[in-house]
Amino acid sequence: MSEKQQRLVLSIIDFLNQSIGDGTIREDDKESLEVAVQCIGEAFGVDPTDKAQVDRLSVKPATLPTIFDVYLKTRERIGAASPAASTAAPATPAAPSPADKAAAEKLKQDGNALMSSKQYDKAIEAYTQSIKLDPTNPVYFSNRAAAHSSKNDHFSAIVDADYAIELDPKFVRGYSRLGHAYYSIGDYAGAATAYRKGLELEPTNATMKAGLQNSETRLASDEADDVVSPRAASPSSQPGAGAGAGAGAGAGAGAGGLGNLAEAFRNMGGPGGAGGGMPDLASMMNNPAMMQAAQQMMAGGGLERLMSNPSVADMMNRMSSGGGMPSMQELMADPALRDV
């Protein structure tokens, strides 16, 4: 299993544990969710109590909700810029006065000094004030991206670096900031793309050359980790994949998605499965069909597709607002989730 997949799983576990601890989840649902967290961790080889593993996989200070927030904001910005979204020309920042430009430049210098003394929060505030006075200068967004990255808030750095490039597509430093931020969150494909674009503008840039080489090396390593052996990929080669467990996972095995899990739930029986709600989660841990379905979902990239599905964001919002966990019947009735 690749490190990128395990990072995603740890972020999910952190989100669920936070929801248990902060009262988001109803008291009646807590025990079931705790068992589910344990199942997820065991299925993907992630132990949130293993400090060494957590230090290696954690994306903090970013969290799953902040990652979704960045994704939604980026999607909104892309949608707003598309011709289908609006026939009006995109709004451009008003040109600053000479006095505002001078003041913004002074604040930028203050921010640079604060960066040198590692006062990153104050540096971010100084760059933010510069941006308010002169929102047309990509340097201020680029510098604030560097400050965010210095705090390990790489998702905010991505937003600022993207905007710097939007202001000036030939601003080389913006691609360098963007590549570094993507690399730091483990998105080596995104990092490589950013570095390549920067090198098209400045082919001799040693920093971006090194960044591209490192990104491509890590990307190749991840792709090698994602290769599934023929035995692991074939449902018929798994223990119990015949008349019993195979009947539960056969229909959706190729997809490696929620269809497998749904079939495993149905075959588990018990009051929960019969009534269309969540089955007895304690029995899930000992059910071979359930574990097989989870492994197939992992191997087929189903978890990553699941977390990029807008319906999952809606479900998370429902849970966060006290709506409780949806039943399995509800989940399987949603084609967007069923066919992930």
Side-chain angles (χ1 to χ4, degrees), residues 2-5 7-8 11 57-64 66-82 90 108 111-112 115 120 123-124 127-128 130-131 135-226 301 304 307-308:
S2 71
E3 183 175 292
K4 183 168 65 175
Q5 288 175 313
R7 283 189 173 201
L8 175 59
S11 296
L57 299 177
S58 177
V59 297
K60 289 183 178 179
T63 63
L64 200 58
T66 63
I67 295 170
F68 264 108
D69 187 50
V70 170
Y71 162 71
L72 293 173
K73 286 179 180 177
T74 303
R75 187 177 67 174
E76 288 170 4
R77 192 165 68 190
I78 292 172
S82 67
K108 183 203 77 172
N112 292 348
M115 283 286 287
Y120 303 126
I124 288 171
Y127 295 136
T128 299
S130 290
I131 290 168
T136 67
N137 193 329
V139 173
Y140 303 152
F141 289 95
S142 172
N143 286 13
R144 192 169 68 176
H148 283 307
S149 279
S150 296
K151 289 183 58 185
N152 290 321
D153 184 3
H154 302 294
F155 291 96
S156 295
I158 288 170
V159 173
D160 274 347
D162 263 334
Y163 198 76
I165 293 168
E166 186 176 317
L167 285 172
D168 182 1
K170 295 184 178 181
F171 182 60
V172 174
R173 201 182 312 163
Y175 296 101
S176 181
R177 304 286 194 222
L178 186 62
H180 172 73
Y182 274 129
Y183 186 92
S184 297
I185 65 171
D187 185 349
Y188 305 120
T193 298
Y195 286 130
R196 286 192 196 100
K197 289 181 178 178
L199 286 169
E200 288 174 6
L201 298 170
E202 193 174 303
T204 61
N205 189 299
T207 299
M208 285 194 289
K209 281 184 177 181
L212 177 58
Q213 182 178 359
N214 291 337
S215 300
E216 289 178 336
T217 299
R218 294 299 296 269
L219 191 58
S221 175
D222 267 7
E223 288 173 351
D225 288 341
D226 287 339
E304 293 181 14
M307 294 312 300
S308 65

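- The ring pair (Phe, Tyr, Trp, His ring centres under 6.0 Å) check on F171 picks up nothing, with sequence neighbours excluded.
- Distance check: L8 CG to L57 CG gives 11.0 Å after rounding to the nearest 0.5 Å.
- Atom CD of E202 is separated from atom OG1 of T204 by 5.5 Å, given to the nearest 0.5 angstrom.
- Between I158 and D187, every side-chain heavy-atom pair lies at or beyond the 4.5 Å cut-off.
- Of the possible donor and acceptor atoms, none in the side chain of Y195 sits under 3.5 Å from a partner among the backbone N and O of T207.
- Atom CZ in F141 sits 9.0 Å away from atom OG1 in T136 (nearest 0.5 Å).
- Looking at every heavy atom in both residues, K108 comes nearest to Y127 through O-CE2, 3.6 Å.
- No donor-acceptor pair under 3.5 Å is formed between the side chain of Y183 and the backbone N or O of S215.
- At a threshold of 4.5 Å between non-hydrogen side-chain atoms, the residues I124 and K151 count as touching.
- Comment: E200 does not engage R196 in a salt bridge, judged by the lack of any side-chain N to carboxylate O separation of less than 4.0 angstrom.
- R177 contributes no side-chain N or O that, together with a main-chain N or O of A161, makes up a donor-acceptor pair within less than 3.5 Å.
- Between the side chain of S149 and the backbone N or O of A157, no donor-acceptor pair lies under 3.5 Å.
- With hydrogens and angles disregarded, no donor-acceptor distance shorter than 3.5 Å links the side chain of Y182 to the backbone of H154.
- Note that the CG atom of L201 and the CZ atom of R173 stand 13.5 Å from one another [nearest 0.5 Å].
- Side-chain contact between Y163 and R144 is absent, with no heavy-atom pair separated by less than 4.5 Å.
- With rounding to the nearest 0.5 Å, the separation of CG in N143 from CG in N137 is 8.5 Å.
- Summarising the geometry of P135 relative to L167, their closest heavy-atom pair is O-CD1, 3.6 Å, with the distance given to 0.1 Å.
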Between N205 and K209, does the side-chain contact (heavy atoms from CB on, under 4.5 Å) criterion hold? Intermediate values first, please. CA-CA 6 Å; N205 189 299; K209 281 184 177 181; 5.9 Å; no

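- Heavy-atom minimum distance, S184 versus R7: O-NH1, 3.7 Å.
- Atom CG of L199 is separated from atom CG of L212 by 6.0 Å, given to the nearest 0.5 angstrom.
- At least one side-chain heavy atom of M208 sits less than 4.5 Å from a side-chain heavy atom of V172.
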